[in-house]
Number of protein chains: 2
Amino acid sequence: MPDGDVRTRTLRIATRLFADRGFDGTSLQDVADEVGVRKPSLLYHFASKDALRAAVYEQMLGHWNVALPRILRAATSGEDRFDAVLGEMIRFFREDSDRAKLILREVLDRPREMAAVMRLHMRPWIESVAAYIRKGQETGELHGDADPAAYVVNVVTFLISAIAVQQLLAPMPDEQVMREVLRMARAALFVPTPAPRARRSSR
Amino acid sequence: MPDGDVRTRTLRIATRLFADRGFDGTSLQDVADEVGVRKPSLLYHFASKDALRAAVYEQMLGHWNVALPRILRAATSGEDRFDAVLGEMIRFFREDSDRAKLILREVLDRPREMAAVMRLHMRPWIESVAAYIRKGQETGELHGDADPAAYVVNVVTFLISAIAVQQLLAPMPDEQVMREVLRMARAALFVPTPAPRARRSSR
DNA sequence: CCTACCGATCGGTAGG
DNA sequence: CCTACCGATCGGTAGG
């Protein structure tokens with residue numbers, strides 16, 4: 001009935017359970033039950049519960065590293081770079097809604113380790129986006145009082161939190177909330193052009 | 001040595017542990033050890049571990065209900081209402097840095113229950129702030145394409161996430177990040193005045 | 001607020 | 001990938 005081999009299924013199911021209930025709130029028995037094997041069988045594929053956690057996060061990091069080139073390509077493809085980059089990021093986190101929850105939980109549960117991962121895997125492109133912002137500030141296209149690095153970090157935090165939290169809380173439709181997230185990020189960065197040639201519609 | 005009676009100390013310590021390790025990651029034994037009593041003694045004061053969790057969150061809600069009048073007063077006190085309201089909110093969440101983490105964890109762990117609490121305790125003033133925004137939109141002072149309700153929800157989400165996450169991740173000073181959070185929230189709402197009479201310094 | 005204790009479940013191992 | 005089993009710890013109770 002279920003797709004894939006045990007290792008693949010285990011990763012998929014553990015991802016969902018860790019995202020929904022947290023690492024400490026999920027037992028190996030819970031995972032084994034859904035995978036459809038006995039608990040010791042999981043420990044044949046993953047040396048320990050902690051190894052399973054690590055594998056879940058490494059898989060997500062792998063997906064991120066696949067998505068990253070697309071994001072960077074979007075960042076250098078002429079105009080509308082801003083919307084393109086944020087669009088790709090939103091696509092990544094929405095492709096699997098567990099990703100945002102998983103990251104948020106990891107940040108709360110293992111802040112030191114997560115800070116190290118962030119420095120390693122986010123820093124490079126945070127720096128490059130910040131550099132792009134600084135250029136835009138010199139031409140007056142972007143708000144001069146923005147703090148480029150802090151802005152990028154905040155937008156990423158904002159995006160992940162909004163996605164992780166939205167289906168959970170929203171009495172409001174997701175689309176409405178996400179569209180406003182984008183509008184806010186844009187308005188916080190771009191100086192409104194005094195003579196706009198073609199004002200972007202918000203959809 | 002430790003201050004307060006057992007009940008008070010238990011609440012304080014449980015708040016810190018739940019914020020740092022999560023509910024499932026904290027055992028009654030952990031709490032008892034730090035309080036300095038035996039585990040069954042905790043269960044004399046709180047009927048169950050879940051009752052302790054409820055008490056921790058109710059205490060925080062109580063603090064919120066104390067802070068709320070100040071926030072609402074700030075919202076109606078003439079000019080600079082925006083900075084005053086956000087300033088009060090930041091003050092609330094920074095007064096005890098566990099609060100933001102605790103809320104974020106509760107949203108992840110018990111989304112349905114948290115959504116109900118939010119509706120009950122946040123909705124009223126979210127609505128009133130949204131109404132204030134709508135008025136500002138009519139006078140052209142505020143961005144007309146902002147979605148007032150979604151904007152308020154997003155700013156609150158943003159604020160809580162940024163505070164919960166900041167000390168954890170930041171290779172950057174907290175102040176720098178929080179100042180940019182405020183700048184972003186402001187720039188996303190206010191239309192820059194064409195002839196500014198007194199441009200607010202960012203500090 | 002304590003000692004003594006409970007059944008259930010935890011992550012994990014032995015051995016096949 | 002299974003059966004059988006382990007010590008440790010879990011939240012919680014009895015009884016004082």
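- With sequence neighbours excluded, the residues satisfying side-chain contact (heavy atoms from CB on, under 4.5 Å) with B:Arg38 are B:Pro40, B:Ser41.
- In this structure, A:Phe46 atom CZ and C:dG11 atom P are separated by 15 Å, rounded to whole Å.
- Of the residues in residues 15-30 of chain A, none lies under 4.0 Å from DNA chain D by heavy-atom distance.
- In this view, A:Glu95 satisfies the side chain to side chain donor-acceptor pair (under 3.5 Å) rule with no residue, not counting sequence neighbours.
- Between A:Lys49 atom NZ and D:dT9 atom P there is a gap of 15 Å when expressed in whole angstrom units.
- In this structure, A:His45 places its NE2 atom 7 Å from C1' of D:dC1, rounding to the nearest Å.
- The side chain to side chain donor-acceptor pair (under 3.5 Å) pairs that include a residue from residues 48-65 of chain A are A:Asp50-A:Arg53, A:Arg53-A:Glu106, A:Tyr57-A:Glu106, A:His63-A:Arg99, where partners are two or more places apart or lie in different chains.
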For this session: Output, in order, the C-alpha distance, side-chain angles, deciding distance and verdict of side-chain hydrogen bond (donor to acceptor under 3.5 Å, both in side chains) for B:Asp5 and B:Thr8.
Result: CA-CA 5 Å; B:Asp5 59 18; B:Thr8 306; 2.6 Å; yes
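- With sequence neighbours left out, the side-chain contact (heavy atoms from CB on, under 4.5 Å) criterion links B:Arg70 to B:Arg73, B:Glu88, B:Arg91.
- For A:Tyr44 and C:dG16, the OH to P distance is 17 Å, given to the nearest whole Å.
- Atom CZ of B:Arg7 and atom C1' of C:dC1 are 16 Å apart (whole Å).
- Contacts classified as ring pair (Phe, Tyr, Trp, His ring centres under 6.0 Å) and involving residues 10-39 of chain B (residues at least two apart or in different chains) are given here: B:Phe18-B:Phe23.
- Taking the side-chain contact (heavy atoms from CB on, under 4.5 Å) definition, one finds that A:Val155 meets it with A:Leu86, A:Tyr151, A:Ala185, B:Met184, sequence neighbours left out.
- C:dC10 atom P lies 15 Å from atom CG of A:Leu52, rounded to whole Å.
- Contact record, A:Ala14 with A:Val56: CB-CG2, 3.9 Å, taken as the closest heavy-atom pair.
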Exercise. How does DNA chain C look in dot-bracket form if you count Watson-Crick and G-U pairs under 3.5 Å, write [ ] for pairs that cross, and put | where a base pairs with another strand?
Worked result: ||||||||||||||||
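- Remark on DNA chain C: of its neighbouring residues B:Val37 and A:Ala47, the 5'-side contact belongs to B:Val37, judged by nearest-heavy-atom nucleotide.
- Annotation: side-chain contact (heavy atoms from CB on, under 4.5 Å) contacts of A:Phe190 (sequence neighbours excluded): A:Phe82, A:Glu141, A:Leu142, A:Arg186.
- Going from atom CG of B:Leu43 over to atom P of D:dG15 covers 17 Å, rounded to whole Å.
- Counting only residues at least two apart or on different chains, the side chain to side chain donor-acceptor pair (under 3.5 Å) pairs with a member in residues 13-22 of chain A are A:Arg16-A:Glu34, A:Asp20-A:Lys101, A:Arg21-A:Asp30.
- In this structure, B:Asp147 has no salt bridge (charged side-chain N to carboxylate O under 4.0 Å, His left out) partners at least two apart in sequence or on a different chain.
- As rounded to whole Å, 15 Å separates atom C1' of C:dC10 from atom CG of A:Asp50.
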Seminar exercise, completed: Contact string for nucleotides 3-8 of chain D, one letter per nucleotide 5' to 3', B = base within protein heavy-atom range under 4.0 Å, S = sugar-phosphate only, - = neither, reads BB----
